[in-house]
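Read the structure below first, then the notes.
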Amino acid sequence: MTAFDPWDPDFLADPYPSYAELRARGRVQYFERTDQWLVPHHADVSALLRDRRLGRTYQHRFTHEDFGRTAPAPEHEPFHTLNDHGMLDLEPPDHTRIRRLVSKAFTPRTVERLKPYVAELAGELVDGLVRRGGGDLLTDVAEPLPVAVIAEMLGIPEADRAPLRPWSADICGMYELSPSEDTAAKAVRASVEFSDYLRELIAERRKEPGDDLVSGLIEAHDEGDRLTEQEMISTAVLLLNAGHEATVNATVNGWYALFRHPAQLAALRADHSLVPTAIEELMRYDTPLQLFERWVLDDIEIDGTTVPRGAEIAMLFGSANHDPAVFESPDHLDLTRRDNPHISFSAGIHYCIGAPLARIELAASMTALLERAPTLTLAAEPDRKPNFVIRGLEGLRVTVG
Ligand code: HEM
């Protein structure tokens, strides 16, 4: 077993045994390499996500100097401007104002209406895979489905969609631990290009509104000045990126887990009514987003240890999802698991706004694959992406018999 080391390929191959060791060691541990306090237990992660003494940012209350931190390098500014105005990196009252506007588009009822469209698209993508006798599940199904859905919701014309994935990937590089200068340079370039693109799209929609989300954001902005132009751009980018990254990974991580558990896959193939619990279990079993950070805005105490204002806490979602205090036989994949309070969609005020949509997309691709590709088989062992926070595979080669 390897120690907690997010840069070690052996750890990345299977981080769960190391998490068990971390949990056994205690409820909070200082990790020098990232200057963070690791929190591995479910009860603590769940409570801290709801704790208002922590924040995704501190800039609504403190300066960088107050917090003993340095301002980001000026050459990284385009990334930070984009990132810091999205709701995920805002705290109340800005967070509340933007989330309220956006959440209307993501209520379970609104999203329910997208179901037939998502199912049809998933069916077409799987039919293509079947016609070709197989291919890469990632590029053929897992990726195009959520990208098309979120682009459609925002009203991004089909001809403009090709750069969305690379822009998103380059920006998301910054969410890994200690990103390199090269990663930052790529993220900055993508932030500039993506922002420029959206600024133009917003100008077009302003002239000619549609029934898409970008037009909705403009309308909200124009009605009561409730969204600045930068907030509109940042919100659109956040929705486009968050709207597909984790869903892509959840799909391929999930199918890879199924291929490694043939008895469970056979049970699922025999009974498609297991799809809803299977999706929740696969998201718990191999958690697509492994770690989320919070700044400590006011001192907190965890199990007798004071974590001071200005410190950073790293909540280990993958560990919380394998905590035996909450999940029976946590390292066992059980597609029928009913009592499954996994934390993969977070909790508290930043709880994933796209969770109902993600669930519909995951169910649509799984159902289409079960129904239309019943002989789907793993063709080659996949390569794992060298990332820790956003856990995924480089691809997933499959054949259809
Ligand atoms: C399997 C797929 C997905 C997973 C695992 C996931 C996970 C998460 C998590 C863990 C957070 C909160 C992070 C934190 O607390 O710091 C979050 C927030 C968010 N997610 Fe998702 N997500 C998924 C799909 C989606 C989709 C399809 C959308 C579509 C719009 C989306 C949009 C968002 C947004 C906008 C936020 C920020 C919410 C806020 O700050 O209030 N996500 N997601």
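Every number for a ligand or one of its atoms is a count from 1 in the order of the listing. Treat the numbers as computed from the prediction; the structure is a model and nothing was measured. Values below: all heavy atoms of this structure, side chains included; hydrogens, waters and symmetry mates excluded.
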Using a strict cut-off of less than 4.0 Å between a Lys/Arg side-chain nitrogen and an Asp/Glu carboxylate oxygen, indicate whether [X] and [Y] qualify as a salt bridge.
{"X": "Glu181", "Y": "Lys186", "answer": "no"}
{"X": "Arg391", "Y": "Asp286", "answer": "yes"}
{"X": "Glu143", "Y": "Arg165", "answer": "yes"}
{"X": "Arg206", "Y": "Glu229", "answer": "yes"}
{"X": "Asp303", "Y": "Arg27", "answer": "yes"}
{"X": "Arg61", "Y": "Glu91", "answer": "no"}
{"X": "Glu381", "Y": "Arg397", "answer": "no"}

Could an N or O of ligand 1 be found under 3.5 Å from any N or O of [X], whether backbone or side chain?
{"X": "Arg56", "result": "yes"}
{"X": "His95", "result": "yes"}
{"X": "His350", "result": "yes"}

Quick one: does ligand 1 sit under 4.0 Å from the side chain of [X], the backbone, both or neither, non-hydrogen atoms only?
{"X": "His244", "value": "neither"}
{"X": "Leu238", "value": "side chain"}
{"X": "Ser344", "value": "backbone"}

Would you mind checking which non-hydrogen protein atom is closest to [atom], with the distance to 0.1 Å?
{"atom": "atom 8 (C) of ligand 1", "result": "Cys352 CB, 3.6 Å"}
{"atom": "atom 35 (C) of ligand 1", "result": "Ile353 CG2, 3.4 Å"}
{"atom": "atom 27 (C) of ligand 1", "result": "Gly243 O, 3.6 Å"}
{"atom": "atom 26 (C) of ligand 1", "result": "Ala242 O, 3.4 Å"}
{"atom": "atom 14 (C) of ligand 1", "result": "Arg294 NH2, 3.4 Å"}
{"atom": "atom 15 (O) of ligand 1", "result": "Ser346 OG, 2.6 Å"}
{"atom": "atom 38 (C) of ligand 1", "result": "Arg99 NH1, 3.4 Å"}
{"atom": "atom 13 (C) of ligand 1", "result": "Phe292 CE2, 3.4 Å"}

Within the 4.0 Å heavy-atom shell around [X], which atoms of ligand 1 are there?
{"X": "Leu239", "value": "30 (C), 35 (C)"}
{"X": "Met283", "value": "1 (C)"}
{"X": "Ala358", "value": "2 (C), 24 (C)"}
{"X": "Leu289", "value": "6 (C), 7 (C), 8 (C)"}
{"X": "Ile349", "value": "41 (O)"}
{"X": "Phe317", "value": "10 (C)"}

From Ile150, Thr247, Asp89 - option closest to atom 2 (C) of ligand 1 by heavy atom: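 The option holding the nearest heavy atom is Thr247.
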
Students often mix this up, so state it plainly: with edges at 30° and 60°, are the rings of [X] and [Y] parallel, tilted or perpendicular?
{"X": "Tyr16", "Y": "His322", "result": "parallel"}
{"X": "Phe4", "Y": "Tyr19", "result": "tilted"}
{"X": "Tyr197", "Y": "Trp167", "result": "tilted"}

Within 45° cone and under 6.0 Å: Arg284 NZ/CZ vs Phe327 ring: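 Positive - Arg284 is close enough to the ring of Phe327 and near enough to its axis.
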
Any donor-acceptor N/O pair, Ser178 side chain to Glu176 backbone, under 3.5 Å: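 No; judged by distance alone, with no hydrogens or angles, the pair does not exist.
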
Ring center gap for His350 and His95 short of 6.0 angstrom: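 Yes, ring centres under 6.0 Å apart.
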
